[in-house]
Amino acid sequence: MGRQNRRRIGRIVACLVFALAPRVPADEPAPPQPTAAGAEADGRIQELERENRRLADQLEGVTRRHGEQIEQLLKEVAALRESSSAPKEGGESAPKAEAAPAPRPGAGANVGGASDQPGGRRSPIPGYNAVSGSKAQKKVPLGASFGPGFELMSDDEEFQLQVHQETQLDFKEFDPNGDQYARSGFVFPRVRLFFNGRVTKPWEYTVSLNRGLGSIDILDAFVNYHQDDRLQIKAGRFMTPFNYEQFAIQNMWLVTPERSLFTANLGLNRMLGVQAWGNVLEKKLDYAVGVFNGPRNSFEDFNEAKDVMLYLNARPFGGQEEGRPLRNLNLGGSFTYGTQDNPLVPRAFRTASNASNASAADLLSPPFFVFDPDVVERGQRTFWSAHAAYFFRQFSAFADYNGGLLRYARKAKAPDSVDLPTSGISASFGYFLTGETPERRTVLEPLRPFNLSREKFGLGAFELAFRYSSIELDRAAFDARLANPNFWSNRAWITDLGVNWYLTRYLKMYVAWQHSEFGSPILYRRPDRRQLTNELFWLRMQLYF
């Protein structure tokens, strides 16, 4: 091993010994002097000590200067804060400086495409992956409650969201029954979810979903401008203002499980359109006037012509004090006119379900009139209706007459359309055995809700129910070969008797018997079983909140 390497090892060992050796206090005697053999190593150690002191002094200087710089920066930041919060002339405080927000996705020069393409900066259509650049001015706290429905609402009542739910479960037992046109069993006629509320006053909205005889779909979707009860403007898809039974009474508050024959089969139901409506003359007159697409219970229109509708309902004695016999007498009518060129909805008329072209509807309610497959509705269509509704103490009654002139063609390209007059009447009555006194058909609060506990015992509210309903189509439907007279009838009558049980304001049970008659025997089971009458035992459970 060379002399130079030995010297290096000696220096390293000496450094380690120096680093690990214990420090000697100042008042103790000095350690013994190194021997001559370690003189060279001792010299190198002293040199290293001097170098360490030099480096330590240099580090101390750098640290001191760095601390002074930090202190100066803190003083400058404090001065900036004082100047930014100092009051301006006029007493207002200057706004605090904020860091510029990071750019939002899609806010770049041309994210999503060129400037003139969808997603481009100057395009009104955002890119598929873009996030809206809008930013709320402030967060609005919401309070939660229940009734009606689940509700979220701001303290100032400007913002509101309600969630409602409707479920109906039916059990039907037909006599006679059949696998094709009157199958007995359980069914969901309606399962609906409603979202409605306000997005600042006076803007109201509703969006609802429905699962019924067909697949799930949009039921209602509209915006309503409600500044004053005397004039409101509604736009979107909603129930049209034709006849009192359809426009003024929701399905869950009917006297019987379903609507009358004319309204269920020919009522105009929901359409896309715009409507002005409200009540005037100290709430003695309800009115609605609107323009709509035309095809009943639909989304799309197949021609450019639109339907005009007008509805009026008067309470001539509405100003009388509560309890007077005529205070809740309603009289009125409605009218609609338009031109159609559309597929048929419905194609089949039935006795115990709402209008539908769903194939499942045949199983749940016997059809008594079915158009041939190629028939279309084409030409002018006019409907008119007159009604009377009366509520006094525990008694409620409703009656109406409906008429119309429809035009159908055997095929879409047939040269001529066939005039088809139609009419229908309905009368229904209800009487509460338990003392409830409704002023119209709406949510009912039983005097003693169903509860079997001893402290709050109650059985709910019980209502006797009766209805007679009829519909008639002109014989021209058969003469023009729009339908087969060997299978179907152009006339039908139904009589309903039952008891409605309101367990709570949210739960209702219908127990009903329905007797149906037809102008001629109708097809009940292929190939050749026909019936002139039909009996139906009907049980419905309904939940709505």
Side-chain angles (χ1 to χ4, degrees), residues 146-149 164-175 177 182-194 210-213 245 249-260 263-264 350-354 363-365 391 393-398 426 428-453 456-469 494-516 534-545:
F146 180 83
H164 302 271
Q165 193 272 338
E166 176 188 6
T167 296
Q168 294 176 340
L169 174 64
D170 281 4
F171 174 76
K172 293 181 176 180
E173 179 66 37
F174 291 97
D175 182 24
N177 56 28
R183 180 181 296 174
S184 299
F186 293 96
V187 65
F188 277 128
R190 295 176 182 89
V191 178
R192 294 175 173 176
L193 191 60
F194 302 85
N210 176 58
R211 172 61 167 91
L213 300 178
E245 181 186 15
I249 307 176
Q250 292 182 281
N251 75 85
M252 62 282 285
W253 312 126
L254 294 168
V255 175
T256 53
E258 293 293 343
R259 303 188 188 276
S260 64
T263 304
R350 299 179 176 86
T351 60
S353 65
N354 202 16
L363 306 177
L364 310 172
S365 179
F391 304 90
R393 296 180 180 174
Q394 295 99 320
F395 179 74
S396 61
F398 163 73
S426 174
S428 58
F429 305 92
Y431 185 83
F432 280 94
L433 301 174
T434 45
E436 287 74 12
T437 57
E439 294 189 352
R440 59 191 181 97
R441 301 299 304 189
T442 184
V443 177
L444 183 98
E445 184 73 49
L447 296 176
R448 291 171 291 276
F450 184 85
N451 194 320
L452 297 182
S453 67
K456 299 181 180 180
F457 182 80
L459 295 178
F462 292 88
E463 179 186 28
L464 298 179
F466 168 83
R467 183 183 65 186
Y468 172 82
S469 176
I494 58 174
T495 302
D496 293 271
L497 290 174
V499 175
N500 300 328
W501 181 18
Y502 301 78
L503 288 84
T504 70
R505 65 174 299 170
Y506 310 112
L507 287 168
K508 181 181 180 181
M509 297 282 294
Y510 294 86
V511 181
W513 166 80
Q514 183 181 93
H515 170 74
S516 302
N534 181 259
E535 313 299 326
L536 168 62
F537 171 72
W538 201 340
L539 182 65
R540 170 172 291 181
M541 183 281 294
Q542 174 179 286
L543 168 67
Y544 177 78
F545 60 81

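In what follows, every heavy atom counts, from backbone to side chain, and hydrogens, waters and symmetry copies are set aside. What you are looking at is a predicted structure, and each value in this text was computed from that prediction instead of being measured. Position 1 is the first residue of the sequence; numbering continues from there.
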Taking atom types as modelled, find out whether Arg448 and Thr434 have a side-chain donor-acceptor pair closer than 3.5 angstrom.
-> no

Between Glu245 and Ser426: side-chain donor-acceptor atoms closer than 3.5 Å | no

What is the minimum heavy-atom distance between Leu193 and His164, and which atoms define it?
-> CD1-O, 3.4 Å

Shortest non-hydrogen separation from Ala397 to Phe429 and the atoms involved = CB-CD2, 3.6 Å

Determine, stepwise, if the pair Leu539 / Met509 fulfils side chain to side chain contact (heavy atoms under 4.5 Å, CB included).
-> CA-CA 7 Å; Leu539 182 65; Met509 297 282 294; 4.0 Å; yes

Do the side chain of [X] and the main chain of [Y] share a donor and acceptor less than 3.5 angstrom apart?
| X | Y | result |
| --- | --- | --- |
| Arg441 | Ile249 | no |
| Asn210 | Arg190 | no |
| Ser365 | Ala352 | yes |
| Asn451 | Ser453 | yes |
| Ser184 | Phe174 | yes |

Rounded distance [0.5 Å steps], [atom1] in [X] versus [atom2] in [Y]:
| X | Y | atom1 | atom2 | result |
| --- | --- | --- | --- | --- |
| Tyr506 | Glu166 | OH | CD | 15.5 Å |
| Met541 | Leu503 | CE | CG | 10.5 Å |
| Ser396 | Glu439 | OG | CD | 12.0 Å |
| Phe432 | Leu464 | CZ | CG | 10.0 Å |
| Arg440 | Phe391 | CZ | CZ | 9.0 Å |
| Leu497 | Arg467 | CG | CZ | 11.0 Å |

Are the side chains of [X] and [Y] in touch, meaning some heavy atoms are under 4.5 Å apart?
| X | Y | value |
| --- | --- | --- |
| Phe457 | Leu452 | yes |
| Thr256 | Tyr510 | no |
| Asn534 | Gln514 | no |
| Trp538 | Asp170 | yes |
| Arg505 | Pro449 | no |
| Ser353 | Leu364 | no |

Please step through side chain to side chain contact (heavy atoms under 4.5 Å, CB included) for the pair Phe188 and Leu169, ending with a clear verdict.
-> CA-CA 5 Å; Phe188 277 128; Leu169 174 64; 4.1 Å; yes

With under 30° as parallel and over 60° as perpendicular, where do the rings of Phe171 and Phe537 fit, or are they tilted in between?
-> perpendicular

Which word best sums up how the rings of Phe545 and Phe146 line up, parallel for under 30°, tilted for 30 to 60°, or perpendicular for over 60°?
-> tilted

Quick one: which of Gln542, Gln168, Glu258 gives a side chain to side chain donor-acceptor pair (under 3.5 Å) with Asn251?
-> Gln168

Kindly determine whether Phe466 and Tyr431 satisfy side chain to side chain contact (heavy atoms under 4.5 Å, CB included), including the steps that lead there.
-> CA-CA 9 Å; Phe466 168 83; Tyr431 185 83; over 6 Å; no

Begin with the C-alpha distance, continue with both residues' side-chain angles, and end with the deciding distance and a verdict on side chain to side chain contact (heavy atoms under 4.5 Å, CB included) for Leu444 and Glu436.
-> CA-CA 8 Å; Leu444 183 98; Glu436 287 74 12; 4.0 Å; yes

